[in-house]
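Take a look at the structure set out below.
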Amino acid sequence: MKEDALSNVTEEQQEPGWFVPSGNISSDSLSLSEAPPLPLNPWDVVLCISGTIISCENAIVVAIIFYTPAFRTPMFLLIGSLATADLLAGLGLIFHFAFIYCIESEAVSLITVGLLVTSFTASVGSLLAITIDRYLSLYNALTYYSERTVTRTYIMLIITWGISICFGLLPVMGWNCLKDDSNCSIVKPLTKNNLIILSISFFMIFAMMLQLYVQICKIVCRHAQQIALQRHFLATSHYVTTRKGISTLAVILGTFASCWLPFAIYCLLGDYTYPALYTYMTILPATYNSMINPVIYAFRNQEIQKVLWAVCCGCISSTMPFRSRSPSDV
């Protein structure tokens, strides 16, 4: 009987929060108005667990890059940016769960939304920056190791985080639908227009990454042909490492698309009246991208592995010279 009473609460009384539209399933689990104690939503629990795993993984990567002086190169700065963004995303998911069931406040809800939008946008932007860096390391191999590369890296980081923070401030500064449910997207309190802009930005970034991937493949094929023609002059190790970088990039691109495309498409097609189940089913795979990124970018890298072994068991000296600092090896 109690569940029936909760299900009959009107939409005006329900003000669902992040990840939940004003739909017919679990909407009252994110209520910001005065209401009886909220029943525990299993989807929120799963998101919180995902956020905890994401935070732990990326905290390790951030700590390794921050405390290792040899990792002050452009390649690792970009990886550090990605790990920082994913770390904030994981913390945002944890805060989202805590604030839903502990603090019922519109201001806190907006701040949490702003943090999540900023972190996920910065994560996607950092992936694009890493792809650009890899392309330039192959296209301009002779001039890549220069001050110009360092300057370009800082410019990309400033642009990425600047745009991400601006997107995150929009709902906090008033571009939200807390007072007008008809203007809501599938992710309340983000407006439909706000979410459309974020989705279009994602498709633009994905198209740019795909184009860069095609160009990198062309460069690799050209290098392979040159090595085949001059095998007795050139070592094949360069081609092997380059091919490794390309295979890694293919895994990254496929993972990125499979994680984010369902949610991006649903953001354009979905409506705030749709069941919350659809939102959860599409946003959960998107969070997995932040969980997989450290495995692809950091933990597969031999230089980071050396530091991890040195920290965990002390069997490898952290002062051991690194083999390579080429983006193709990441």
Side-chain angles (χ1 to χ4, degrees), residues 49-94 119 122-123 125-127 129-134 136-138 141 144-147 149-154 156-157 160-161 235-252 255-256 287-330:
I49 295 174
S50 298
T52 303
I53 298 174
I54 291 170
S55 299
C56 294
E57 285 181 328
N58 288 282
I60 294 174
V61 178
V62 171
I64 289 175
I65 294 177
F66 183 80
Y67 288 106
T68 306
F71 291 163
R72 299 294 187 269
T73 60
M75 175 187 67
F76 286 106
L77 288 176
L78 294 174
I79 295 177
S81 172
L82 175 63
T84 301
D86 289 334
L87 171 61
L88 293 176
L91 293 176
L93 292 173
I94 297 174
S119 56
S123 177
S126 296
L127 286 174
I130 292 175
T131 306
I132 294 174
D133 182 64
R134 285 180 168 175
L136 294 176
S137 71
L138 295 174
Y144 177 78
Y145 299 96
S146 64
E147 291 297 328
T149 300
V150 177
T151 302
R152 183 184 64 239
T153 300
Y154 282 112
M156 288 193 298
L157 290 176
T160 296
W161 283 95
T236 59
S237 59
H238 175 73
Y239 171 67
V240 172
T241 56
T242 302
R243 185 179 59 183
K244 177 184 175 182
I246 296 305
S247 62
T248 301
L249 186 58
V251 173
I252 294 167
T255 302
F256 179 67
T287 64
Y288 290 160
N289 187 241
S290 297
M291 191 184 302
I292 298 173
N293 283 336
V295 178
I296 296 177
Y297 283 96
F299 299 141
R300 293 178 70 250
N301 180 261
Q302 294 184 4
E303 298 168 11
I304 293 181
Q305 288 177 5
K306 292 177 182 179
V307 178
L308 279 174
W309 279 109
V311 173
C312 293
C313 61
C315 59
I316 297 180
S317 174
S318 61
T319 60
M320 181 182 296
F322 292 138
R323 177 182 56 84
S324 171
R325 292 188 179 90
S326 172
S328 298
D329 295 331
V330 181

For Ser123 and Ser119, indicate whether the former's side chain and the latter's backbone hold a donor-acceptor pair under 3.5 Å.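 Side chain of Ser123 to backbone of Ser119: no pair is present.
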Between [X] and [Y], is any pair of side-chain heavy atoms under 4.5 Å apart?
{"X": "Ile79", "Y": "Phe71", "value": "no"}
{"X": "Asp133", "Y": "Arg152", "value": "yes"}
{"X": "Phe76", "Y": "Asn301", "value": "yes"}

Value rounded to 0.5 Å, distance of [atom1] in [X] from [atom2] in [Y]:
{"X": "Ile132", "Y": "Leu78", "atom1": "CD1", "atom2": "CG", "result": "9.5 Å"}
{"X": "Ile94", "Y": "Thr52", "atom1": "CD1", "atom2": "OG1", "result": "4.0 Å"}
{"X": "Leu87", "Y": "Cys56", "atom1": "CG", "atom2": "SG", "result": "9.5 Å"}
{"X": "Asn293", "Y": "Ile54", "atom1": "CG", "atom2": "CD1", "result": "9.0 Å"}
{"X": "Ile53", "Y": "Leu93", "atom1": "CD1", "atom2": "CG", "result": "11.0 Å"}
{"X": "Tyr297", "Y": "Ile130", "atom1": "OH", "atom2": "CD1", "result": "4.5 Å"}

Do Thr160 and Ser126 have a side chain donor and acceptor closer than 3.5 Å?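 Not at all, the side chains of Thr160 and Ser126 share no donor-acceptor pair under 3.5 Å.
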Nearest heavy atoms of [X] and [Y], plus distance in Å:
{"X": "Met291", "Y": "Glu57", "value": "O-OE1, 2.7 Å"}
{"X": "Val61", "Y": "Ala83", "value": "CG1-CB, 3.7 Å"}
{"X": "Pro294", "Y": "Asn58", "value": "CG-OD1, 3.2 Å"}
{"X": "Leu77", "Y": "Arg72", "value": "CD1-O, 4.1 Å"}

Can you check side-chain contact (heavy atoms from CB on, under 4.5 Å) on Leu308 and Phe299, steps first, answer last? CA-CA 9 Å; Leu308 279 174; Phe299 299 141; 3.7 Å; yes
Show your reasoning for whether side-chain contact (heavy atoms from CB on, under 4.5 Å) applies to Thr84 and Trp161. CA-CA 11 Å; Thr84 301; Trp161 283 95; 4.3 Å; yes
